[in-house]
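Here the structure is laid out as structure tokens; the discussion comes afterwards.
Naming: A, B, ... by sequence-line order, numbering from 1 per chain. Everything numeric here is computed off the predicted structure, so don't read it as measured data.
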There are 2 protein chains.
Amino acid sequence: MAGPGRGVTIADVAARAGVAASTVSYVLSGKRSISPETADRVMQAVADLGYHPHAGARSLASRRAGVIAMMLPLRDGMHLPVLMQFASGAVTEARRHDQDVLLMTADEGPAGLARVAASAIVDGLILMDVEVRDPRVETLRRLGLPSVLIGFPADAEGLTCVDLDFTAAGSVCADYLAERGCGDIALLGASEAVYARRTGFAERVREGFLGRSGARAEVWPCPDEPVSVQRTVKELLAANPALTGLAVHNEPAVGHVMHALADAGKRVGEDFHVVVIGPDEVAERVHPQLPSVLVPAETLAETAVRHLMRKLDGLDVPDSTLVEPQLTVR
Amino acid sequence: MAGPGRGVTIADVAARAGVAASTVSYVLSGKRSISPETADRVMQAVADLGYHPHAGARSLASRRAGVIAMMLPLRDGMHLPVLMQFASGAVTEARRHDQDVLLMTADEGPAGLARVAASAIVDGLILMDVEVRDPRVETLRRLGLPSVLIGFPADAEGLTCVDLDFTAAGSVCADYLAERGCGDIALLGASEAVYARRTGFAERVREGFLGRSGARAEVWPCPDEPVSVQRTVKELLAANPALTGLAVHNEPAVGHVMHALADAGKRVGEDFHVVVIGPDEVAERVHPQLPSVLVPAETLAETAVRHLMRKLDGLDVPDSTLVEPQLTVR
DNA sequence: TTCCTCAATCGAAGCGCTTCGACAAGCTTC
DNA sequence: GAAGCTTGTCGAAGCGCTTCGATTGAGGAA
């Protein structure tokens with residue numbers, strides 16, 4: 001089935017179907033009407049020969065590469081499983097649109113964007129984990145390369161952005177704890193470093209949380225290291241002995257928080273309630289398992305890819321898309 | 001700096017440097033000798049115009065795309081962070097060789113391989129998480145697409161494979177426990193499903209472990225779910241009350257194993273020792289933190305990419321490369 | 001019947017690059 | 001000082017595809 005060695009070309013297909021090469025092209029692209037009989041013969045030849053158009057030739061002639069780039073952050077502190085879900089979700093969705101995905105890392109920075117734009121190796125771009133002040137954003141605007149951002153930079157004017165509705169996520173957590181009858185509650189947030197970097201994202205959770213729970217709630221940033229986590233939790237409990245509910249928005253800390261609570265004699269799920277903002281595994285791998293609001297990586301990826309496809313087709317898309325958070329109770 | 005709108009071509013560079021287009025090409029590729037003065041002028045023009053060769057045109061003319069594909073598994077049970085490390089390691093290394101990386105998912109299967117091979121969209125391929133009986137392997141052989149596999153299929157004849165030396169990893173764990181003075185020890189392995197799928201990998205750990213520790217060791221498969229883990233550990237302890245050391249080769253189970261041991265009154269790090277085969281975070285996010293042998297994803301990825309580059313350059317590479325395990329004590 | 005339209009197809013002209021052969025100079029080498 | 005090498009450069013021929021007229025024949029309108 002591999003054909004006669006290397007390289008089945010459109011000419012081979014045309015010869016076998018007894019038509020011109022351009023006709024084959026039109027059958028495949030559907031850009032001009034072709035009689036059903038001819039189309040059938042062509043498709044048969046395509047199948048017989050196992051023909052796939054040469055990507056380079058196609059991109060050269062049509063000015064469409066059929067590839068989109070995805071730039072992932074590599075920084076410490078990013079939660080890897082979420083990135084991976086994101087990447088695979090994007091690939092899966094892209095394939096539905098007959099596109100491939102080129103993987104880039106954020107350390108290529110603006111120069112990397114310029115490179116892929118100029119070399120026309122991709123038609124568009126998805127930029128993950130965009131920060132409030134992101135040097136890539138300006139380059140992106142200048143290049144005019146069709147793109148979708150995950151996250152919201154300070155100035156999102158004219159850009160297409162997608163993200164989880166973190167404000168709503170904060171509210172959902174506050175509501176959950178309220179429903180469990182918790183009076184005084186707190187939000188244990190990310191490390192200071194994360195707050196410093198992406199105010200937008202952490203701040204929005206905070207606002208959503210406080211907005212719903214009012215004066216009886218407080219927010220504490222929280223470091224990642226086990227010992228510091230334990231200390232932070234102790235301080236939190238000491239500062240507010242009436243505390244009965246906690247939302248944790250800090251993946252690596254969850255396990256240690258649970259330990260600290262156990263040490264302090266809190267029985268989670270009974271006289272004390274905890275809800276996690278983070279991936280499923282984190283909430284599942286502690287005892288007892290916790291309810292959680294996950295970052296819906298796959299949904300975000302799919303949305304981003306779909307929006308990018310629309311832009312490539314010249315259709316318009318909303319500037320800003322917020323995905324609703326979903327609480328999973330365990 | 002963005003040049004006069006879209007598309008700086010080699011002709012623009014040639015005109016600005018006052019040479020023929022072919023000369024620019026030779027300067028850039030180094031395939032013919034060019035006088036230093038001319039080369040300088042050309043490079044200056046390239047920089048001035050921000051020229052990057054059109055990837056499609058280049059691939060069409062040179063029959064080299066400058067892109068490699070990486071096919072990642074998406075199956076449940078794969079540990080996502082490791083995949084992500086792998087992917088980013090591969091991208092980083094590939095960029096050092098001026099190559100880009102196309103991301104594919106294993107669910108495209110053999111047809112996906114045929115597609116990328118026929119469309120010449122990539123020059124070579126890295127296949128992750130190859131199983132003992134992998135349907136992609138036969139296709140790969142038939143296509144003759146340069147490739148490197150991570151993992152060892154049953155018949156690796158003529159293929160280039162790279163993997164962690166799992167046998168050595170098993171031995172390292174046994175040695176560690178022996179050094180801590182543990183007499184009776186056990187290996188708590190992966191779930192039955194994993195064993196069923198990739199005998200090679202799990203079996204080799206087992207052999208390494210048993211080979212070093214002899215008759216006083218035993219191997220138990222272990223499911224992923226919290227409750228089953230707890231039960232398995234209880235049974236294990238009941239079956240061998242003299243047990244003082246445990247190697248755990250099952251990422252999701254580690255946290256629950258620690259709980260079960262605590263429940264059974266074992267003080268890990270004092271009268272009982274545990275070592276993990278798995279990623280750092282898993283060993284770090286339990287209390288106390290555990291020593292571990294990690295799957296060196298980045299190293300494997302780099303090695304795989306380097307081997308693939310050599311193959312693309314027509315150099316030869318070893319059929320089989322085993323990376324030495326490294327024990328991290330915490 | 002003649003003219004016009006429309007559907008179906010063909011042929012040729014590129015897309016931007018690499019590479020091959022040719023060709024001037026400037027060197028050796030006897 | 002003619003013959004032969006090198007070295008540096010150019011021009012042209014493609015790589016395999018898409019796309020833009022042009023062309024043909026059939027059907028409908030007049």
Open item on the list: Output the rounded distance in Å from NE2 (A:His52) to C1' (D:dC17).
Closed with: 16 Å
- [ ] Using atom CD1 of B:Ile10 as one end and atom C1' of C:dG16 as the other, report the distance to the nearest whole Å.
- [x] 8 Å
Output one line per pair: protein atom, nucleotide atom from nucleotides 24-27 of chain C, and distance, for all N/O pairs under 3.5 Å.
none

TODO: With a 4.0 Å heavy-atom cut-off, tell me which residues in residues 308-315 of chain B come close to DNA chain D, sorted by residue number.
DONE: none
Task: Range-with-range stems of DNA chain C (Watson-Crick or G-U pairs under 3.5 Å, three or more in a row) - done: C:1-30 with D:1-30
Contact check, side chains of [X] and [Y], non-hydrogen atoms, under 4.5 Å:
X       : Y        : result
A:Glu93 : A:Met309 : no
B:Arg64 : B:Gln99  : yes
B:Leu28 : B:Met43  : yes

- [ ] Find which nucleotide of DNA chain D each of B:Pro36 and B:Arg63 is nearest to by heavy atoms, and output the residue with the more 5' nucleotide.
- [x] B:Pro36
TODO: Ignoring hydrogens and angles, state whether a donor on the side chain of A:Gln44 or A:Asp48 is under 3.5 Å from an acceptor on the partner side chain.
DONE: yes
Open item on the list: My understanding is that only residues two or more places apart in sequence, or in another chain, count here; which of them pass salt bridge (charged side-chain N to carboxylate O under 4.0 Å, His left out) with A:Asp12?
Closed with: none
Dump the pairs, protein N or O against N or O of nucleotides 10-14 of chain D, anything under 3.5 Å, distances to one decimal.
residue, atom, partner, partner atom, Å
D:dC10, OP2, B:Ala20, N, 2.8
D:dC10, OP2, B:Thr23, OG1, 2.4
D:dC10, N4, B:Arg32, NH1, 3.4
D:dG11, N7, B:Ser22, OG, 3.4
D:dG11, O6, B:Ser22, OG, 3.2

TODO: Mind jotting down which residue pairs meet the salt bridge (charged side-chain N to carboxylate O under 4.0 Å, His left out) criterion with at least one end in residues 79-91 of chain A? Sequence neighbours excluded, please.
DONE: none
Closest to side chain of [X], choosing from [options]:
X       : options                : value
B:Leu60 : D:dC15, C:dT9, D:dT9   : D:dC15
A:Ser25 : D:dT18, C:dT18, D:dG16 : D:dT18
A:Ser33 : C:dG16, C:dA8, D:dC17  : C:dA8

